[in-house]
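Letters A, B, ... mirror the listed sequences (proteins, then strands); counts begin at 1.
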2 protein chains.
Amino acid sequence: MTTELDATAAARLRDADQRYTTSRRQIVGILAEAGRPLTIAEVQAASGGLPQSSAYRNLAVLEQAGVVRRVLATDEFARFELAEDLTEHHHHLVCTRCGSVLDFTMSSALEEALERTARTVRARTGFTVQAHRLDLTGVCADCAD
Amino acid sequence: MTTELDATAAARLRDADQRYTTSRRQIVGILAEAGRPLTIAEVQAASGGLPQSSAYRNLAVLEQAGVVRRVLATDEFARFELAEDLTEHHHHLVCTRCGSVLDFTMSSALEEALERTARTVRARTGFTVQAHRLDLTGVCADCAD
DNA sequence: GCGCATTTTGAGAATGATTCCCATTTAGGT
DNA sequence: ACCTAAATGGGAATCATTCTCAAAATGCGC
């Protein structure tokens with residue numbers, strides 16, 4: 001885990017009147033190393049014994065502080081990743097067979113085209129766009145027969 | 001509800017060895033008129049007394065038959081819309097305050113650029129892309145102060 | 001039209017991810 | 001070190017969703 005990530009996470013928790021405790025720091029480290037959204041069970045497994053209630057509570061705290069983002073894919077499990085401004089802008093490959101989620105990035109030309117479109121939406125609909133979310137759904141390499 | 005939609009829904013249910021019952025037809029009609037994804041509660045309200053268990057069961061049947069698609073947004077409620085090949089290809093505006101979901105469409109140039117990108121993903125990652133899903137998240141007109 | 005076999009329905013129970021509760025532990029400031 | 005406020009963790013509670021099963025509806029052959 002990079003020092004800046006650690007410092008940024010600490011600062012955001014402080015702004016939210018929350019402490020950057022050992023297990024919160026550990027969760028941030030686990031998500032940083034994963035490079036893909038993790039389920040609660042995966043976070044617990046990687047942590048070696050973090051209680052379920054602490055995992056849920058601390059991920060909720062980190063989410064409210066803007067350190068972590070909740071990702072809903074297709075299965076019944078919520079997944080968590082670092083907030084995008086702490087990593088890189090990216091999108092998700094969602095497997096419709098097993099539910100797994102992988103990260104991927106697109107060309108900046110396409111990203112900019114999306115941004116331009118997003119800016120036109122407000123005038124047309126009254127909806128104020130804050131972010132975009134692009135998932136490609138399909139079958140991951142593991143599930144391909 | 002258009003006659004073709006009705007016929008297509010009937011055909012898909014038949015292919016799935018399911019009947020196109022009155023309440024299933026009613027649900028299809030409700031979703032067709034809504035023009036946006038509806039929660040179970042909204043479907044029930046529009047139907048005038050459809051029991052919850054029937055709403056869940058019939059939406060699940062319609063989903064398996066490929067007539068209806070389940071949409072996960074940001075709140076805890078699943079929403080349902082007609083399958084895309086029964087309507088038009090579109091995307092969603094997801095309000096982060098109230099959870100509501102609206103439809104919108106993008107230029108075909110941008111859609112084609114997305115498709116081209118999707119086709120490169122398989123070579124790079126081994127993931128076979130079947131569809132894409134683009135949501136713009138933000139604040140809807142109703143929730144804007 | 002009539003009964004039979006099969007499917008659908010609906011009310012409530014069961015499930016399971018997530019959230020809440022609260023007594024105990026931990027940590028920060030003085 | 002002390003004291004106060006916050007965090008922890010085990011388990012209970014919540015709630016959207018799914019399952020169960022007896023009753024009702026439907027389609028089909030005669």
Want to settle it: does B:Ile40 or A:Thr22 sit nearer the 5' end of DNA chain D, counting the closest nucleotide to each? A:Thr22

So what does [X] hit on the nucleic acid, given a heavy-atom distance under 4.0 Å: a base, only sugar-phosphate, or nothing?
X       : value
B:Gln18 : sugar-phosphate
A:Thr21 : sugar-phosphate
A:Ala60 : nothing

Consider the side chain of [X], meaning its heavy atoms from C-beta on, and name the nucleotide among [options] that approaches it most closely.
X       : options               : value
A:Glu76 : C:dT18, C:dT8, C:dA17 : C:dA17
A:Pro51 : C:dT19, D:dG9, C:dA11 : D:dG9
A:Arg19 : C:dT9, D:dA16, C:dG28 : C:dG28
A:Ser53 : D:dA16, C:dT8, D:dG11 : D:dG11

Separation of atom [atom1] in [X] from atom [atom2] in [N], rounded to whole Å:
X       : N      : atom1 : atom2 : answer
A:Gln52 : C:dC20 : CD    : C1'   : 13 Å
A:Leu59 : C:dT18 : CG    : C1'   : 12 Å
B:Leu50 : D:dT17 : CG    : C1'   : 15 Å
A:Leu13 : D:dA6  : CG    : C1'   : 13 Å
A:Tyr20 : D:dT8  : OH    : P     : 13 Å
B:Asp17 : C:dT6  : CG    : P     : 14 Å
B:Arg70 : D:dT17 : CZ    : C1'   : 8 Å
A:Tyr56 : D:dA13 : OH    : P     : 18 Å

Between [X] and [N], is there a contact of a side-chain N or O with OP1 or OP2 at under 4.0 Å?
X       : N      : answer
A:Arg57 : C:dT19 : no
B:Ser54 : C:dG10 : yes
B:Arg24 : C:dT9  : yes
B:Asn58 : C:dT8  : no

Validation row: [X], [Y] side chains within 4.5 angstrom (heavy atoms):
X       : Y       : value
B:Arg70 : B:Leu59 : no
B:His92 : B:Pro37 : yes
A:Glu4  : A:Leu86 : no

A:Arg24 side chain vs A:Arg19 backbone, donor-acceptor pair below 3.5 Å: yes

Using 4.0 Å as the upper bound for N to carboxylate O, is an ion pair formed by A:Glu42 and A:Arg36? yes

